[in-house]
Amino acid sequence: WSPDGSLMASAEPSMEDDGTRTDRINIRRAGEQEVLLQTEPTENMLRLRFSADGQTVSGCDVRGALRTWSATTGELLSEIGGGGNDAVPSPDGQRLAVLSGSSVRLLATEDGNHELEFKGHEYSVTDLSWSPDGRLACSTGIQVYQNRSPEVLIWDTTTGEETMRLRGMDVAIKRVAWSPDGSRIATGSQDGWIALWDASTGDLLLRDRNGSRIDSLVWSPDGQVLVSGSADGPARVLRAPSQADRAGSQRPVEKGPSGD
């Protein structure tokens with residue numbers, strides 16, 4: 001979604017004449033099918049987001065590189081990063097979190113310089129979401145062979161120190177999305193579970209079963225709607241009120257070594 005909620009960007013696969021699979025970035029008005037703008041073919045993209053002013057769209061590919069296009073012309077403006085499994089730009093666009101194995105590297109988007117590395121995960125990092133102010137990040141780690149995710153970590157993006165560790169869902173959590181107002185964190189699992197967490201206390205607020213593997217999670221700009229996407233099923237819309245009921249069954253939250 002664009003910041004004002006009027007536009008949506010999506011990466012849609014296409015097949016080139018030589019048989020190469022690529023993606024094209026399409027921009028549409030929210031709720032409409034007509035494509036307003038389409039970019040030239042690019043690498044397979046994992047995530048997209050508009051800039052805060054709505055003038056550009058950034059996407060991260062399967063190599064952990066960040067590409068930025070003009071949202072009005074479709075022109076490719078820049079490319080940085082690489083050398084990872086995925087990458088996530090900060091809300092202000094000034095930093096890039098590159099997911100690589102069990103660590104996360106933070107780079108400056110202006111020159112690609114390395115700022116810090118977070119090594120709090122024991123297992124492979126599958127996803128990351130920044131807090132709206134960019135001071136914190138929430139990342140998920142999964143033990144691939146056991147298909148379980150005991151690691152949902154919140155950490156300080158300035159110091160690289162862990163501040164909180166979320167516990168309560170013994171499932172393969174692979175996707176995470178911080179709400180626009182910063183109050184909640186949504187997670188999605190391999191077996192279709194969506195969970196909402198209180199971002200300040202770590203309490204598990206709500207659980208909902210989608211039925212399909214969760215491959216993507218996106219909040220609406222007003223934070224009232226959470227959209228989940230799956231490669232093997234349709235997108236699903238979940239209403240996410242700010243005062244969600246707490247789940248009836250939850251395990252204690254384990255705090256990080258440097259947080260309360």
Side-chain angles (χ1 to χ4, degrees), residues 11 23 25 42-52 56-69 76-145 148-166 172-178 182 185-188 190 197 199 215-218 256-259:
D23 282 348
I25 310 305
T42 186
E43 294 274 354
N44 300 147
M45 308 305 293
L46 297 176
R47 63 180 80 241
L48 296 171
R49 71 176 300 155
F50 280 88
S51 59
T56 62
V57 175
S58 297
C60 298
D61 66 22
V62 293
R63 300 183 296 105
L66 175 72
R67 291 183 175 86
T68 301
W69 294 267
L76 179 62
L77 302 176
S78 65
E79 177 181 351
I80 68 164
N85 308 319
D86 195 358
V88 188
S90 62
D92 61 6
Q94 298 302 305
R95 291 181 291 173
L96 181 68
V98 178
L99 284 54
S100 179
S102 60
S103 67
V104 179
R105 291 180 289 117
L106 297 188
L107 309 179
T109 54
E110 183 176 4
D111 52 20
N113 285 341
H114 180 274
E115 292 188 350
L116 64 83
E117 185 170 10
F118 176 66
K119 297 182 177 181
H121 285 280
E122 182 179 355
Y123 307 123
S124 296
V125 181
T126 59
D127 200 10
L128 178 143
S129 183
W130 296 77
S131 63
D133 61 9
R135 295 188 304 106
L136 300 172
C138 182
S139 51
T140 60
I142 184 172
Q143 190 172 7
V144 177
Y145 297 108
R148 287 290 180 268
S149 177
E151 299 176 325
V152 183
L153 310 183
I154 298 175
W155 47 281
D156 189 304
T157 60
T158 301
T159 65
E161 295 182 355
E162 181 184 321
T163 62
M164 189 181 297
R165 182 174 295 235
L166 307 182
I173 295 175
K174 301 188 72 173
R175 293 291 175 256
V176 60
W178 213 305
I185 295 172
T187 57
Q190 180 77 12
W197 311 78
D215 292 315
S216 62
L217 285 173
V218 181
S258 61

* Heavy-atom pair of closest approach, residues R49 and P89 -> CD-CG, 3.6 Å
* Asked: Checking R95 side chain against E115 main chain: does a donor-acceptor pair fall under 3.5 Å?
  -> no
* Asked: In a check of side chain to side chain contact (heavy atoms under 4.5 Å, CB included) between H121 and each of T126, T140, L153, I142, which one passes?
  -> L153
* **With sequence neighbours excluded, residues passing ring-ring contact (aromatic ring centres under 6.0 Å, His included) with W155** => F118
* To do: Could you walk me through whether V88 and S129 pass side chain to side chain contact (heavy atoms under 4.5 Å, CB included), step by step?
  => CA-CA 7 Å; V88 188; S129 183; over 6 Å; no
* Smallest separation among heavy atoms of R175 and D215, with atom names -> NE-O, 2.7 Å
* Evaluate side chain to side chain contact (heavy atoms under 4.5 Å, CB included) for I185 paired with I154, printing each intermediate quantity in order. => CA-CA 10 Å; I185 295 172; I154 298 175; 3.7 Å; yes
* Asked: Hey, does the side chain of T157 reach the backbone of R135 with a donor-acceptor pair shorter than 3.5 angstrom?
  -> yes
* Sub-3.5 Å donor-acceptor pair from the side chain of D23 to the main-chain atoms of M45, do we have one? -> yes
* Which distance, rounded to the nearest 0.5 Å, do you find between the SG of C138 and the CG of L128? -> 7.5 Å
* What closest approach, in Å, do P91 and S131 show between heavy atoms, and which atom pair accounts for it? -> CG-O, 3.3 Å
* Structure fact -> In terms of heavy-atom contacts, G59 and L48 come closest through CA-CD2, 3.6 Å
* To do: Supply the atom-to-atom distance R165 CZ to T163 OG1, rounded to the nearest 0.5 angstrom.
  => 11.0 Å
* Asked: Any ion pair linking E117 and R105 (charged N to carboxylate O, less than 4.0 Å)?
  -> no
* Looking at residues at least two apart in the chain, or sitting in another chain, which of them share a side-chain contact (heavy atoms from CB on, under 4.5 Å) with T158? -> D156
* Asked: When you measure from the side chain of D86 to the backbone N and O of L99, does any donor-acceptor pair fall under 3.5 Å?
  -> no
* Structure fact -> Minimal heavy-atom distance between I25 and A11, with the atoms involved, is CD1-CB, 3.9 Å
* **Donor-acceptor under 3.5 Å (W178 side chain, P132 main chain)** => no
* **Minimum-distance pair of heavy atoms, taken over all atoms of L217 and G188** => CD1-N, 3.4 Å
* Side-chain contact test, heavy atoms from C-beta onward, threshold under 4.5 Å: evaluate it for W69 versus T42 and give yes or no. => yes
